[in-house]
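What's counted below: heavy atoms across the whole structure, side chains too, no hydrogens, waters or symmetry copies.
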Amino acid sequence: MRADFTERVLRGLYSAALYVLAPITVYHLIWRGFRQHAYFERWSERYASYPPAKGTAPLWLHAVSVGEVNAASPLVNRLLSEHPDLRLVVTTITPTGSERVRALWGDAVVHVYLPYDLPGAVSRFLDHFRPALALIVETELWPNLLFACRDRGIPTHILNARLSARSLRGYRVLAPLIRRALHSVRLVAAQSSEDGKRFVRLGAQPSTVVVTGNLKFDMAPVDFDGFAAEFLNARGCDGPVWIAASTHEDEEVAVLEAHRALLKQHPDALMLWAPRHPERFRATVLRARTAGLRVATRSEQHWPSAHSQVFVIDTLGELTRFYACAQVAFVGGSLQSIGGHNLLEPAATGTAILTGPHLHNFVDIAKRLREADAMRVVETASQLASNLQDLFADQASRTRMSANARCLLDQGRGALERTITLIEPALQQA
């Protein structure tokens with residue numbers, strides 16, 4: 001579809017607004033940099049300025065942050081295995097996503113930050129890498145980027161596509177422009193039928209939308225028994241262990257309240273604490289110590305001791321391994337209106353799952369886990385505490401929830417094969 005007069009006007013207005021707001025991106029990077037120092041680095045990539053040595057890549061995959069990188073990992077691993085000579089560039093937006101890319105694939109892929117959606121930056125990015133195929137994971141709809149791919153004849157596929165009702169409403173202000181941009185997308189591989197319907201409502205052509213399932217179900221099985229055994233040996237006792245994973249700032253008080261209540265019943269209980277954002281690592285340590293709890297950290301003590309009451313996981317890329325060390329997991333971003341985080345990682349490690357009620361980013365998975373009696377939803381800190389106490393007192397319930405979750409995980413596999421089948425013709429051309 002060629003650009004018509006209306007599209008040119010809409011793109012012009014959108015781009016003009018971005019250029020007017022461009023100075024704010026600098027302030028944003030500075031503000032984030034004070035909280036996470038990595039935001040002070042690699043600014044040139046944010047505006048698509050690269051050294052010549054980066055070279056070109058026939059395949060480009062974009063995954064905004066850690067969750068999307070993890071979702072894409074089965075696909076990238078398959079691509080690297082079956083196409084060892086393939087040159088692949090992977091982009092993210094966040095430093096944590098960048099770290100995850102490097103941890104998973106190192107020099108096997110080229111990694112840069114995706115530039116801001118400014119026409120000049122987008123053009124420089126595409127001119128530099130000259131991808132023959134674009135794969136976008138989950139929901140990253142940047143109009144100038146999509147239009148630029150169309151104008152250069154770069155087929156664009158949205159994989160593991162997810163669009164919540166809230167996100168659909170959020171796109172309303174740009175709906176006419178997004179609708180035209182989505183018309184250029186060759187494939188929308190949706191996680192669920194509801195996601196597919198929302199993409200159609202947003203503007204995707206129905207003929208391009210296919211329900212493939214969630215790639216996160218296809219995560220490779222990993223044996224963490226050795227890691228868990230090392231953890232248990234270093235700790236030196238077998239008191240209850242639970243993990244508060246991917247927590248946000250407004251959830252921290254509730255998590256601490258729940259753990260203090262648990263300690264009254266189980267004085268030898270240990271909470272593993274993995275804040276969602278690295279800038280909260282030091283703050284959570286301070287908050288736990290201020291609450292009078294004995295705290296150890298992964299970066300300093302490496303392992304908890306028998307006397308530790310809180311162990312802060314202040315490193316990146318180790319969350320799944322620590323899930324395997326806990327009997328119960330609370331997955332954050334759910335007691336406050338964030339929308340939840342990956343529920344399948346604890347399911348894969350055999351950990352009983354607790355979560356808050358705000359799960360609009362994972363509606364389908366959350367519904368299936370609840371219906372399978374593989375997860376419990378709590379509304380408050382007191383409910384979190386009571387459910388922790390109940391589950392630690394009832395090993396049979398923990399075992400049942402774990403078995404149900406793993407069964408659901410096995411039943412959900414297949415998205416990877418369906419996705420590969422759909423993109424294989426485009427991969428061959430690339």
Compare every heavy atom of [Y] with every heavy atom of [X], then report the nearest pair and how far apart it is.
{"X": "Thr208", "Y": "Val185", "result": "CG2-O, 3.7 Å"}
{"X": "Phe125", "Y": "Pro115", "result": "CB-CG, 3.7 Å"}
{"X": "Leu80", "Y": "Ala108", "result": "CD2-O, 4.1 Å"}
{"X": "Ala324", "Y": "Ala228", "result": "O-CB, 3.8 Å"}

Atom [atom1] of [X] with >12 non-hydrogen neighbours under 6.0 angstrom:
{"X": "Arg289", "atom1": "CZ", "answer": "yes"}
{"X": "Arg398", "atom1": "CZ", "answer": "yes"}
{"X": "Arg260", "atom1": "CZ", "answer": "no"}
{"X": "Trp142", "atom1": "CH2", "answer": "no"}
{"X": "Arg152", "atom1": "CZ", "answer": "yes"}
{"X": "Asp107", "atom1": "CG", "answer": "no"}

* Can you check side-chain contact (heavy atoms from CB on, under 4.5 Å) on Val312 and Leu272, steps first, answer last? -> CA-CA 6 Å; Val312 176; Leu272 307 177; over 6 Å; no
Counting distance only, does the side-chain N/O of [X] pair as donor-acceptor with the main-chain N or O of [Y] below 3.5 Å?
{"X": "Ser167", "Y": "Leu163", "answer": "no"}
{"X": "Ser49", "Y": "Glu45", "answer": "no"}
{"X": "Ser81", "Y": "Asn77", "answer": "no"}
{"X": "Thr349", "Y": "Pro346", "answer": "yes"}
{"X": "His157", "Y": "Ala426", "answer": "no"}

Would a 4.5 Å heavy-atom cut-off, applied to side chains only, mark [X] and [Y] as touching?
{"X": "Leu215", "Y": "Val137", "value": "no"}
{"X": "Val331", "Y": "Asn342", "value": "no"}
{"X": "Ser192", "Y": "Ile365", "value": "no"}
{"X": "Trp60", "Y": "Leu133", "value": "no"}
{"X": "Leu344", "Y": "Met219", "value": "yes"}
{"X": "Tyr116", "Y": "Val122", "value": "no"}
{"X": "Ser184", "Y": "Thr156", "value": "no"}
{"X": "Leu18", "Y": "Asn144", "value": "yes"}

Does a donor on one side chain sit under 3.5 Å from an acceptor on the other, for [X] and [Y]?
{"X": "Ser164", "Y": "His360", "answer": "no"}
{"X": "Ser337", "Y": "Arg166", "answer": "yes"}
{"X": "Trp273", "Y": "His259", "answer": "no"}
{"X": "Thr94", "Y": "Thr96", "answer": "yes"}
{"X": "Ser334", "Y": "Thr355", "answer": "yes"}
{"X": "Glu68", "Y": "Ser65", "answer": "no"}
{"X": "Arg42", "Y": "Ser98", "answer": "yes"}

Tell me whether [X] is salt-bridged to [Y], with the criterion being a basic N under 4.0 Å from an acidic carboxylate O.
{"X": "Lys216", "Y": "Glu138", "answer": "yes"}
{"X": "Glu7", "Y": "Arg180", "answer": "no"}
{"X": "Arg130", "Y": "Asp127", "answer": "no"}
{"X": "Arg368", "Y": "Glu371", "answer": "no"}
{"X": "Glu249", "Y": "Arg276", "answer": "no"}
{"X": "Arg46", "Y": "Glu41", "answer": "no"}

Quick one: which residue pairs count as a ring pair (Phe, Tyr, Trp, His ring centres under 6.0 Å) with a foot in residues 316-358, not counting sequence neighbours?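 Checked against ring pair (Phe, Tyr, Trp, His ring centres under 6.0 Å) - neighbours excluded - the pairs reaching residues 316-358 are Phe227-Phe322, His248-His341, Phe311-Phe322.
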- Task: Determine which pairs satisfy ring pair (Phe, Tyr, Trp, His ring centres under 6.0 Å) with at least one residue from residues 8-36, sequence neighbours left out, and list them in order.
- Result: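 Non-adjacent pairs meeting ring pair (Phe, Tyr, Trp, His ring centres under 6.0 Å): Phe34-Phe40.
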Test side-chain contact (heavy atoms from CB on, under 4.5 Å) applied to Glu194 and Val363, step by step
CA-CA 10 Å; Glu194 291 303 314; Val363 173; over 6 Å; no
Verify side-chain contact (heavy atoms from CB on, under 4.5 Å) between Ile158 and Leu141, making sure each step is shown before the conclusion. CA-CA 9 Å; Ile158 302 177; Leu141 305 178; 3.6 Å; yes
Against the six-membered ring of Trp303, is Arg298 placed for a cation-pi contact (under 6.0 Å from the centre, within 45° of the normal)?
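Flagged: Arg298 positioned over aromatic ring of Trp303.
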Would you check, one step at a time, whether the test salt bridge (charged side-chain N to carboxylate O under 4.0 Å, His left out) holds for Glu417 with Arg78? CA-CA 10 Å; Glu417 295 300 330; Arg78 175 70 73 84; 2.4 Å; yes
Just verifying a value: how many Å separate [X] [atom1] and [Y] [atom2], rounded to the nearest 0.5 Å?
{"X": "Thr284", "Y": "Glu252", "atom1": "OG1", "atom2": "CD", "result": "6.0 Å"}
{"X": "Arg100", "Y": "Leu319", "atom1": "CZ", "atom2": "CG", "result": "9.0 Å"}
{"X": "Arg370", "Y": "Leu359", "atom1": "CZ", "atom2": "CG", "result": "8.0 Å"}
{"X": "Gln383", "Y": "Leu354", "atom1": "CD", "atom2": "CG", "result": "10.5 Å"}

task = Before giving the answer on side-chain contact (heavy atoms from CB on, under 4.5 Å), spell out for Asp390 and Arg376 the whole-Å C-alpha distance, their side-chain angles and the decisive distance to 0.1 Å.
result = CA-CA 12 Å; Asp390 289 346; Arg376 294 185 184 181; 4.1 Å; yes
